[in-house]
Undergrad: 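Here's a structure for you.
Read the numbers this way: they start at 1 and go in the same order the structure lists the ligands and their atoms. Because the structure is a prediction, the values reported are computed rather than measured.
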Amino acid sequence: MGNTQTAPAPAPAAAGSAPSGELKPTGSLDIKDSRTDKTYSVQIVQGGVEGDTATRAMDLRQIKTAPDEFGLMTYDPAFMNTASCKSAITFIDGDKGILRYRGYPIEQLAEKATFLEVAWLLRHGELPAQGEYDQWVRDITFHTYVHENIKTFLQGFRYDAHPMSMLCSTVAALSSFYPEAKNIHDPEQRNISIIRLLAKLPTLAAFCYRHIKGLPFIYPDNDLSYVENFLSMVARMSEPKYEANPVFVKALEILFILHADHEQNCSTNAVRAVGSSQVDPFSAIAAGVAALYGPLHGGANEQVLRMINEIGHPKNVPAFIDEVKGGKGGRLMGFGHRVYKSYDPRAKIVKALADEVFKQVGMDKDLEIALKLEDAALHDDYFVSRKLYPNVDFYTGLIYRSMAFPTDFFTVLFAVARTAGWLAQWEELLLDKEQKIARPRQIYVGYGDRPYQSKLAQRFPTLKKDALRK
Ligand code: ACO
């Protein structure tokens, strides 16, 4: 693992590179303050060809009633309408159901590209030439091994530990093996850290799986492709060479591409926020893994299967839908999205992929429930009026289950793929001269100034020995 003899770091695409990086003024907005009768003009800016229009929130600080006042700020819990960065990586049009990486439609990448090609594209902004791709694959393949101490570390987890807890901790622990990774302004260090993270995530993920199953760890096989090697580390037993099912290899490659990036989602925002403190990338990516674990984000694919299990039979679908609508059954997991207000384009690809995989391994017993749920929701006014459509996670769980992955491992698969996007976003953040440490404001709604009056009998009470025994 210690060898850092990789190809020289290629120049990463500059943050905000053409065509969508520049924020161009396209007009102005006049705001009249009724408290002072003053009118202020704030600029309207637009980012690139299909960029959203915005104003700079800092301009609002001019609007005040007295010179020594703080000025206005915006209040936006959950960032419903706040752009935190300029980015040239991923474009989403949530109303039209469009997703593109660096301008390339997700449908074309899923059909024709490889995951490592997409990982390069996300980072560098262009598709790799053959020589660049070969070197990239060689570098990533060369760094798949992890320090032997990681195995000892993993063995400390209980047999029933959730693999996302294990993955989050081991990714964070990698930081201690590569102290030089904290030199984030050194392009060579950034390059080797990015290669190491992409290379080692499948190894760590597979080791988490083997630990839960009580199976010996399988070392990387560097003769295999990225996905084949991952499947080998997960599933190989006594055979000298693992031969993966080509349908599974293709399915996983496509699922990795679909999950590789999704602009400023919860986990990417976590990576950027933590990365903005200038910590090393292993620690920043561990923050992304933690955010992804949540059931409203990457954890949803696991919850979809649990929900389908609970429903149990297609005949129970209408009653379940009624419970969701009545607020009793929780949410319909795998439905709804903060950005997509039409069918998630990834969900369409996943549904077609599920058909291909089921042709190979036989129909999933719960597919009928999933199809009936989808149909019921797409024709129900509650879901239609709220623009709730299936998201990427609705069908992925069924595919992963047919490949024999345990339910609580689904989000780990997502994390392996999303690492490509997190790293591209992290590097874009570092190279963006407008970025600083992420530090939102608050609107304080608590007490005003009040004097301290203790409610304790004694300031430093001595603990009586007996107290501990009670
Ligand atoms: N089932 C039932 N009702 C829902 C659902 C759902 N899955 N999602 C949203 N709603 C309802 C809300 O109750 C709310 O109704 P109301 O206006 O009557 O109060 C309305 O739709 C809007 O919901 P919000 O929570 O405001 O939407 P938001 O954009 O904040 O949430 C989210 C998006 C978190 C994805 C939500 O749709 C959800 O919880 N979905 C289920 C979990 C899921 O599948 N997450 C995976 C997302 S994809 C990913 O992260 C990879």
Undergrad: Any protein heavy-atom neighbour for atom 27 (O) of ligand 1 (distance below 4.0 angstrom)?
TA: no
Undergrad: Distance alone, cut at 3.5 Å: any donor-acceptor contact between the side chains of Thr90 and Asp261?
TA: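 Per modelled atom types, Thr90 and Asp261 side chains form a pair under 3.5 Å.
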Undergrad: For atom 48 (S) of ligand 1, is there a protein heavy atom at a distance under 4.0 Å?
TA: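 Within 4.0 Å of atom 48 (S) of ligand 1, protein heavy atoms are found.
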Undergrad: Do you see a protein non-hydrogen atom under 4.0 Å from atom 22 (C) of ligand 1?
TA: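 No; the ligand atom in question lacks any protein heavy-atom contact below 4.0 Å.
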Undergrad: Is the count of non-hydrogen atoms from other residues, nucleotides or ligands lying under 6.0 Å from Glu310 atom CD greater than 12?
TA: no
Undergrad: Run the numbers for me: atoms of ligand 1, each under 4.0 Å from some heavy atom of Ala300, listed by number.
TA: 43 (C), 44 (O), 45 (N), 46 (C)
Undergrad: If the cut-off is 4.0 Å to any non-hydrogen atom of Gly334, which atoms of ligand 1 fall inside it?
TA: 43 (C), 44 (O)
Undergrad: Could you name the option among Tyr382, Tyr340, Phe335 that has the heavy atom nearest to atom 41 (C) of ligand 1?
TA: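 Nearest option to atom 41 (C) of ligand 1, by heavy atoms: Phe335.
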Undergrad: Will you find, in the side chains of Ser193 and Asp280, an N or O donor that is under 3.5 Å from an N or O acceptor?
TA: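 The criterion, which ignores hydrogens and geometry beyond distance, is not satisfied for Asp280 and Ser193.
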Undergrad: Could you tell me, atom by atom, which parts of ligand 1 come under 4.0 Å of a heavy atom of Val324?
TA: 2 (C)
Undergrad: Check whether any heavy atom of Phe414 sits under 4.0 Å from an atom of ligand 1.
TA: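 True for this residue.
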Undergrad: Would you tell me which option among Lys387, Lys325, Arg386 has the nearest heavy-atom contact to atom 11 (C) of ligand 1?
TA: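 Comparing heavy atoms across Lys387, Lys325, Arg386, the nearest one to atom 11 (C) of ligand 1 lies in Arg386.
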Undergrad: Is Glu434 paired with Arg56 through a side-chain N to carboxylate O contact shorter than 4.0 Å?
TA: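 Salt bridge between Arg56 and Glu434, a charged N being under 4.0 Å from a carboxylate O: yes.
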Undergrad: Students should be able to answer this: which protein heavy-atom is nearest to atom 45 (N) of ligand 1, and at what distance?
TA: Leu296 O, 3.1 Å
Undergrad: Any luck finding a side-chain donor-acceptor pair between Arg331 and Gln303 under 3.5 Å?
TA: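 Result is no, nothing qualifies.
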Undergrad: Does any N or O of ligand 1 fall below 3.5 Å from an N or O anywhere on Asp393, backbone included?
TA: no
Undergrad: Could you report the tightest heavy-atom contact between Leu154 and Met166, atom names first, then the distance?
TA: CD2-CE, 3.8 Å
Undergrad: Walk me through it: do Asn301 and Val392 pass the test side-chain contact (heavy atoms from CB on, under 4.5 Å)?
TA: CA-CA 8 Å; Asn301 53 15; Val392 69; over 6 Å; no
Undergrad: Kindly identify the option in Leu332, Leu388, Asn265 whose heavy atom sits closest to atom 10 (N) of ligand 1.
TA: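 Shortest heavy-atom distance from atom 10 (N) of ligand 1: Leu388.
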Undergrad: Less than 4.5 Å apart, any side-chain heavy atom of Leu60 and any of Ile31?
TA: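 Result yes, sub-4.5 Å side-chain heavy-atom pair found.
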Undergrad: Which protein heavy atom lies closest to atom 50 (O) of ligand 1, and at what distance to 0.1 Å?
TA: His297 ND1, 2.9 Å
Undergrad: If only side-chain N and O atoms count, and only distance matters, is there a donor-acceptor pair under 3.5 Å linking Tyr133 with Thr114?
TA: yes
Undergrad: Which of these, Met333, Arg331, Lys341, has its nearest heavy atom closest to atom 32 (C) of ligand 1?
TA: Arg331
Undergrad: Test of understanding: given a 4.0 Å heavy-atom threshold, classify the contact between Gln303 and ligand 1 as side chain, backbone, both, or neither.
TA: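 No part of Gln303 is near ligand 1 at this cut-off.
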Undergrad: Indicate whether atom 13 (O) of ligand 1 is within a distance of less than 4.0 angstrom of some protein heavy atom.
TA: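 At least one protein heavy atom is under 4.0 Å away.
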Undergrad: I'd like the name of whichever of Arg346, Arg338, Arg418 reaches closest to atom 33 (C) of ligand 1 through any heavy atom.
TA: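 Nearest heavy atom to atom 33 (C) of ligand 1 lies in Arg338.
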Undergrad: Do Ser87 and Glu428 pair up side chain to side chain, a donor and an acceptor below 3.5 Å, judged on atom types alone?
TA: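 The criterion, which ignores hydrogens and geometry beyond distance, is satisfied for Glu428 and Ser87.
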Undergrad: Where is the nearest protein heavy atom to atom 35 (C) of ligand 1: which residue, which atom, and how far?
TA: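 Result for atom 35 (C) of ligand 1: Gly336 O, 3.7 Å.
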Undergrad: Could you give the distance from NZ (Lys372) to NE2 (His313), rounded to the nearest 0.5 Å?
TA: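 The NE2 atom of His313 is 9.0 Å from NZ of Lys372, to the nearest 0.5 Å.
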